[in-house]
Colleague: 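Dropping the structure in here first, questions after.
Since we're looking at a predicted model, the values are computed, not measured.
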Amino acid sequence: MSGNILSKVLFKRAFRATTIASGFLVFASILPALAQASNQHYQVQAFSDDYSATITTIEDEDSESNSIINVVNAKTGQTLISQSAGLDIDYELENSKARQLGEKISANIANRHYGEHSVLIYDDFNFDDQKDLALRDGRNGCYGGPSYQVYLKEDNTFVHSDGFTELAQGYCGFFDIDKDSEILSTMTKSGAAWHQFKEFKVINDKPVVVHIIEEEWNNRSLLSITESKKINGKMKVENYEMLPPYVEQAESSFPYIYMLTVDNNKKMVLDSQYKEGSEQLYYAFADEKGRIELLYEEQFDYDKTKKTLSFTNRPVLYKINNQGITVKLPNKTVQLKTQPKSVIGSLDEVIQFKNVRVK
C-alpha cells in the first residue's frame, strides 16, 4: 500500500473515531438537560391566599421518591418547604380531571378512613387558630394507605412536627380533627377482626393519647374490648364485651339465633359458640349501648309447648319467651317486657345445641 493511500485510510479512521467520540461527548453533555426537560411540573389547587404549592417529578433510582413538593410564600416567592414524596401522578391527574381541575393537583381532601386523600392538607391541627400543613410523603399508612409529614405554623413559616407526623404514619387515612372537642383521632386495623381507635389531646403543641379502644372478634362472635382512659394523668384499663352493631336491613343476614329488645332499650341475644367439642348455646344481655351486662353459657332448659327457654344463674332464675324475660330473684320477680316487633329469630332453634335440655 502506497504512503498516500495509507495516509487516506488512517485519516478516515481517525475522523470516524473523532466523530464518534465527539458525538458521545455531545450526547453526554446534553444528558442533564434532557433529564431536566423530562421533569414535569404541576400546580397544586389553590388552598390559601398566602401560600402556593407545586409538584415536580424527579428520577432517582436510589430513592422511593419520585416527586418534590414545594410550598412557597405567595407574596415573597420564598420556598418554605421542599419535601420529597412518592406520588402516583397519573392517579392524581385522573382525579383532577374528574374534579374539573385541569392539570392542577387537588388539595384538602381527606375522606377517612379508606377514601380519597389529597397530596396536601391545609388545616388547623393543633387548635391555635393558625392553619398548618400536611404533605404526602408516600403510602406508609395501613394497608399501603396515604402517609404525611406534618408542619405546624410558627410565625411566618412552617416547622416540622415529629409528634403530629407520627399520627399521619401507619394509620388508616389522615387523623380526624374535631374542633368542637379539640380531639384528634386515629384508626388502624389488622384484618377484619381487630381494630384500634385512639384519641389525642394537644398539650404544648404535641398530641397526647387520652383514650384507646381495641376491639377484637372472639369465638362467640362478640367484640372483646380493651378500653384505656387517661384519668388523673394515668391510663386506666378496662376489659369487657360488646354486641357487634346490627342494623336490620333487607339484604343483611341476621347475626344471631334469637334477639329481643325490652322496654328500657336493653337487648338480649341467644347465639352459639364452639365449646368443648360441640356447638353450644349462650345468652347475652346488653345495655342500650350494646355492652354485655350478663353472659351465661352453661345448662339451659327449653319447654317446646310453652316455647320458653330457662336457666339458673344462682340464685336467679331466668325465663325467656316472645313476651319478654322473667327474672325470679329470691325475694321478688321482675318482668322485662318485649318492645313491639323487636323479636327476631325463633326460640325453637335452640334445641339443636348440646347444652339445651328439651322438655
Side-chain angles (χ1 to χ4, degrees), residues 190-195 213-228 237-248 252-339 342-359:
S190 178
W194 182 87
H195 295 78
I213 290 181
E214 294 182 5
E215 60 179 36
E216 185 171 14
W217 290 85
N218 59 32
N219 65 328
R220 288 187 286 267
S221 295
L222 300 175
L223 291 172
S224 294
I225 306 294
T226 299
E227 183 173 9
S228 305
V237 181
E238 187 178 10
N239 296 292
Y240 53 91
E241 288 183 296
M242 295 276 294
L243 295 177
Y246 169 68
V247 178
E248 188 175 359
S252 62
S253 59
F254 180 56
Y256 309 112
I257 294 168
Y258 182 84
M259 180 173 76
L260 59 78
T261 304
V262 294
D263 282 339
N264 55 7
N265 287 323
K266 295 187 176 184
K267 288 182 170 55
M268 187 281 301
V269 302
L270 299 172
D271 207 354
S272 65
Q273 62 178 324
Y274 190 79
K275 180 182 176 183
E276 298 175 356
S278 64
E279 286 289 324
Q280 299 197 23
L281 187 71
Y282 73 82
Y283 163 102
F285 189 78
D287 65 17
E288 61 276 10
K289 294 182 179 179
R291 180 168 173 165
I292 304 298
E293 294 182 343
L294 174 63
L295 180 70
Y296 180 84
E297 51 189 0
E298 302 303 324
Q299 188 65 50
F300 293 86
D301 293 292
Y302 183 59
D303 189 324
K304 289 183 67 176
T305 304
K306 296 181 179 180
K307 295 188 180 297
T308 298
L309 181 74
S310 62
F311 66 89
T312 300
N313 187 29
R314 296 186 183 279
V316 183
L317 172 66
Y318 295 82
K319 292 186 176 182
I320 303 109
N321 54 39
N322 286 353
Q323 285 69 51
I325 306 170
T326 301
V327 183
K328 290 190 174 183
L329 300 141
N331 55 354
K332 65 175 180 178
T333 298
V334 177
Q335 185 70 40
L336 303 175
K337 294 183 179 180
T338 302
Q339 287 187 10
S342 71
V343 174
I344 305 176
S346 171
L347 281 172
D348 285 337
E349 296 295 321
V350 304
I351 64 174
Q352 62 185 296
F353 300 108
K354 186 176 181 181
N355 61 331
V356 178
R357 292 185 297 237
V358 181
K359 297 180 180 179

Colleague: According to the interplanar angle, ranging from 0 to 90°, do the rings of Tyr283 and Tyr318 count as parallel (below 30°), tilted (30 to 60°) or perpendicular (above 60°)?
Modeller: tilted
Colleague: Between Thr338 and Gln323, do the side chains contain a donor N or O and an acceptor N or O under 3.5 Å apart?
Modeller: no
Colleague: I'd like to know if Lys307 pairs up with Asp348 as an ion pair, taking the criterion as any Lys NZ or Arg NE/NH1/NH2 lying under 4.0 Å from an Asp or Glu carboxylate oxygen.
Modeller: yes
Colleague: Could you tell me whether the side chain of Thr226 reaches within less than 4.5 Å of the side chain of Ile213, counting heavy atoms only?
Modeller: no
Colleague: Rounded to the nearest 0.5 Å, what's the gap from CD on Glu349 to CG on Leu281? Could you check?
Modeller: 11.0 Å
Colleague: Would you say the side-chain atoms of Tyr258 and Asp271 include a donor-acceptor pair closer than 3.5 Å?
Modeller: no
Colleague: Could you state the interatomic distance from CZ (Arg291) to CG (Leu223), rounded to the nearest 0.5 Å?
Modeller: 13.0 Å
Colleague: Could you report the tightest heavy-atom contact between Phe311 and Gln299, atom names first, then the distance?
Modeller: CB-O, 3.6 Å
Colleague: Inspect the contact between Arg357 and Asp301 and indicate whether a charged nitrogen and a carboxylate oxygen are less than 4.0 angstrom apart.
Modeller: yes
Colleague: Got a second to check how far Ile257's CD1 is from Ile344's CD1, nearest 0.5 Å?
Modeller: 14.0 Å
Colleague: Could you grab the distance from atom CG of Asn239 to atom OG of Ser228, nearest 0.5 Å is fine?
Modeller: 8.0 Å
Colleague: Can you tell which of Asn264, Asn265, Thr261 makes a side chain to side chain donor-acceptor pair (under 3.5 Å) with Gln339?
Modeller: Asn265
Colleague: Hey, is Lys275 close enough to Glu298 for a salt bridge, meaning N to O under 4.0 Å?
Modeller: yes
Colleague: How far apart are the closest heavy atoms of Glu279 and Phe353, and which atoms are they?
Modeller: O-CD2, 3.5 Å
Colleague: Kindly give the heavy-atom pair with the smallest separation between Ile320 and Leu347, and that separation in Å.
Modeller: O-CD1, 3.7 Å
Colleague: Is a salt bridge present between Arg220 and Glu297, judged by a nitrogen-to-oxygen distance below 4.0 Å?
Modeller: yes
Colleague: What's the shortest heavy-atom distance between Tyr256 and Pro244, and which atoms?
Modeller: OH-CD, 3.1 Å
Colleague: Between Glu293 and Lys266, is there a salt bridge with N-O shorter than 4.0 Å?
Modeller: yes
Colleague: Testing the 3.5 Å rule here: is there a donor-acceptor pair between the side chains of Asn218 and Ser224?
Modeller: yes
Colleague: Let me confirm one number: the OH-CG distance from Tyr240 to Leu222, rounded to the nearest 0.5 Å.
Modeller: 13.5 Å
Colleague: Find the distance between CD (Glu216) and CD (Glu241) and round it off to the nearest 0.5 Å.
Modeller: 11.5 Å
